[in-house]
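Being a predicted model, the structure only gives us computed values, none of them experimental. We name chains A, B, ... by the order of the sequence lines, and we start the count at 1 in each one. Values reported hereafter were calculated over all heavy atoms of this structure, with side chains retained and with hydrogens, waters and symmetry mates removed.
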Amino acid sequence: MRILIKNGRVIDPSQNLDGFHEILIEKNRIKGLYPEGKGPDANKIIDASGCIVIPGLVDMHTHLREPGFEYKETIKSGTMAAVRGGFTTVCCMPNTKPVNDTITVTEFILEKSLREGACTVYPVGAITTAQKSEELTELEALLKTGCIAFSDDGKPVTNSLIMRRALEYSKIFDVPVISHCEDLKLSEDGVMNEGFVSTITGLSGIPKAAEEVMVARDLSLCELTGGKLHIAHVSTEGSVKLIRDAKARGINVTAETCPHYFSLTDESLISYDTNLKVNPPIRTPQDVEAIKQGLKDCTIDVIATDHAPHHIDDKGKEFDAAAFGISGLETAFALSLHLVESGILDLKQLITKMTITPSKIMGISKGTLTVDSDADIAIINTEKTFKVDSSGFLSKGKNSPFNKWQLKGTVEKTIAMGKVYEWA
Amino acid sequence: MINSKDLLGIKELAPEEIYHILDTAAGFKDVLLRDIKKVPPLRGKTVVSLFFEPSTRTRTSFALASKRLSADVVNFSVTTSSVVKGETLKDTALTIQSLGADFVVIRHGSSGVPHLLGNLLNISVINAGDGANEHPTQALLDLFTIQSRKKKIKGLTVAIIGDIAHSRVAKSNIYALTKLGAKVRVICPPTLMPAGIEKLGIDVFHSIDEGIRKADVIMALRLQLERQSKGFLPSLEEYFNLYGLTDERLKLAKEDAIVMHPGPMNRGVEIESAVADGPQSVILEQVTNGLAVRMAVLYLLSGVKK
């Protein structure tokens with residue numbers, strides 16, 4: 001089966017490509033790139049007129065919930081949500097039940113994704129056993145089985161000495177240690193950003209310092225050890241400043257943020273809508289501005305989703321009792337495209353942050369359209385608008401604060417390992 | 001005059017609505033002073049009180065207010081109910097509605113619960129205290145008490161002393177008093193000061209002596225005793241030394257200042273007995289006025305088209 005994609009504007013920052021090219025796919029690989037009108041015959045022609053043709057998006061921060069929380073999401077539904085959102089690679093966090101801290105769990109995830117997954121899944125292994133911040137997991141065994149990075153995401157590594165050891169020990173393998181930065185004492189009982197809005201809603205606040213003290217700690221440990229540190233879901237102005245400063249000093253750190261941290265402000269919490277409850281919390285307009293500047297000057301390297309699907313029963317509760325998290329895969333690109341609309345990033349920079357950069361950080365050969373690479377492609381109409389309907393999400397998690405939002409940028413087709421998914 | 005079927009908070013009320021409730025309450029206050037204290041407007045209506053936190057005075061006050069209006073009152077007691085069997089809040093609320101209640105009076109430790117129920121239910125929801133958000137009927141009865149003593153609210157200086165961060169009474173009073181044109185001061189240690197509170201147009205003091213100077217009204221708040229173990233303050237004794245309302249300090253306020261407290265009091269912590277029981281105290285009057293105000297709220301909400 002040979003597929004030729006024509007008439008689209010091909011943008012691939014990994015090879016500095018932007019223009020009207022034709023892409024030939026054979027089996028699950030990219031077989032050739034041709035100038036306009038010069039592509040060979042194929043069994044199937046995909047007409048990408050009016051669309052951009054880009055490497056399939058790479059999400060380095062996804063919660064697929066399986067094993068253990070299949071009622072929230074499964075590898076099957078989560079990867080379907082991914083391809084619906086233009087993602088062809090997802091890196092799944094280890095806070096499943098059981099935690100992905102042993103090769104048995106890693107093997108399960110990999111086998112299940114090969115059998116049922118719509119796109120490529122790379123597991124992220126836990127840094128510490130059961131995410132308890134006490135003992136390191138067997139990094140070598142987990143890496144050999146298929147993990148590509150380590151994180152205790154959902155929880156911080158509270159023990160600073162263990163975090164030091166993780167950053168040191170992981171140098172053997174040159175893999176990233178992804179840090180969920182949160183001082184659990186400072187964030188205790190908190191459910192939203194601490195500030196004027198938490199005061200007038202009466203909801204308990206999570207101060208920005210709860211994130212920033214841990215970012216500062218991990219940057220110090222990174223400097224000390226020379227490990228490869230990646231800061232997950234950056235949400236505050238202070239964190240951006242700390243990371244910017246660390247990068248200027250040559251510290252080996254990368255960072256990500258998520259669409260909700262530059263698309264929403266804490267003022268929205270006045271509604272008590274539990275779909276806005278996320279950790280770290282939605283911050284102030286000043287933080288949103290700083291996040292955007294951080295994306296612009298590359299202090300923040302990556303846009304990830306932190307896709308955190310939840311069942312209605314876990315969200316349809318009193319605010320304090322509701323689960324943290326946003327189902328993000330199916331709105332991430334359109335929300336991020338708004339950064340281009342508003343002049344923060346150009347299209348190439350945006351695509352870079354969602355394809356080749358996360359791939360490089362994770363050490364995987366994804367996020368590129370170079371010949372012989374995997375046939376992972378997203379075809380997106382950047383001019384077409386749509387109204388978000390979370391009830392129609394392919395993810396089991398309908399928990400989106402963006403429901404009913406009018407967004408620009410529809411994913412028309414996603415090709416994952418050569419398989420074409422298309423939507424009317 | 002009242003625009004919503006629910007009373008969720010003072011935040012949601014317009015000044016005219018507040019005045020309307022106070023005027024209506026004045027009428028019911030007269031009823032309460034009669035020998036026969038019962039009137040018929042809510043006959044055949046049912047009020048269910050759903051309290052997820054312990055309460056004596058608010059719950060009793062709502063129950064009596066309902067009975068004075070001839071409504072039937074049922075207590076949905078959380079400890080003996082299906083809630084301990086794991087029933088969700090939504091299911092409990094829908095059950096109460098299906099039982100035919102016309103009002104649900106809710107108290108819950110989580111802010112925003114009345115809003116959740118207000119959206120979920122067709123019947124009237126009355127907030128009897130939600131987390132650190134609001135306790136609107138307390139603020140209304142405080143306004144009523146101030147108004148009846150001072151004959152006005154606009155232009156008065158009201159000092160609120162205590163745990164502002166965790167106090168829904170303080171929040172509702174701040175909204176209510178500022179909406180009606182009073183000058184509000186809050187006095188508390190920095191650990192109990194919520195972020196950005198000054199943006200509500202009030203003055204913040206950490207010294208009680210400065211804060212109560214020339215005040216017309218002084219409101220002491222209950223200090224939850226567990227604040228000490230959570231590190232907000234070193235000891236209750238030190239709190240009393242720094243923020244306790246004493247006879248000596250009261251002299252700094254205006255001579256005719258009134259002293260209020262939402263109850264229940266911790267004598268010797270936020271207020272000393274000489275003040276609580278002294279001539280300037282209107283604390284028991286607040287309790288009586290609470291009945292009239294809650295009657296007014298029930299009565300006015302019953303007239304809102306659902």
Residue-level interface, residues 180-196 of chain A with chain B, non-hydrogen cut-off under 4.5 Å:
A:E188, A:D189, A:E194, A:G195, A:F196

Please say whether more than 12 non-hydrogen atoms of neighbouring residues, nucleotides or ligands are located less than 6.0 Å from NZ in A:K241.
no

Give, as side chain, backbone, both or neither, the part of A:S198 having an atom under 4.5 angstrom from any heavy atom of chain B.
neither

Is the NE2 atom of A:H311 crowded by more than 12 outside heavy atoms at less than 6.0 Å?
yes

Does any heavy atom of chain A fall under 4.5 Å from the side chain of B:H166, the backbone, both, or neither of them?
neither

To the nearest 0.5 angstrom, please state how far the CG atom of A:D320 sits from the CG atom of B:D130.
10.0 Å

B:K179 atom NZ, over 12 foreign heavy atoms within 6.0 Å:
yes

For chain B, find its close neighbours in residues 269-288 of chain A: heavy-atom separation under 4.5 Å, sorted by number, or none.
A:Y272

Within residues 110-117 of chain B, which positions have a heavy-atom distance to chain A below 4.5 Å?
B:S110, B:S111, B:G112, B:V113, B:H115, B:L116

Residues of residues 185-201 of chain B contacting chain A, heavy-atom criterion under 4.5 Å, by residue number:
B:P194, B:A195, B:G196, B:I197, B:K199, B:L200

Take a 6.0 Å sphere around NZ of A:K132 and say whether it holds more than 12 heavy atoms from other residues, nucleotides or ligands.
no

Rounded to the nearest 0.5 Å, how far apart are CG of A:D313 and NZ of B:K90?
9.0 Å

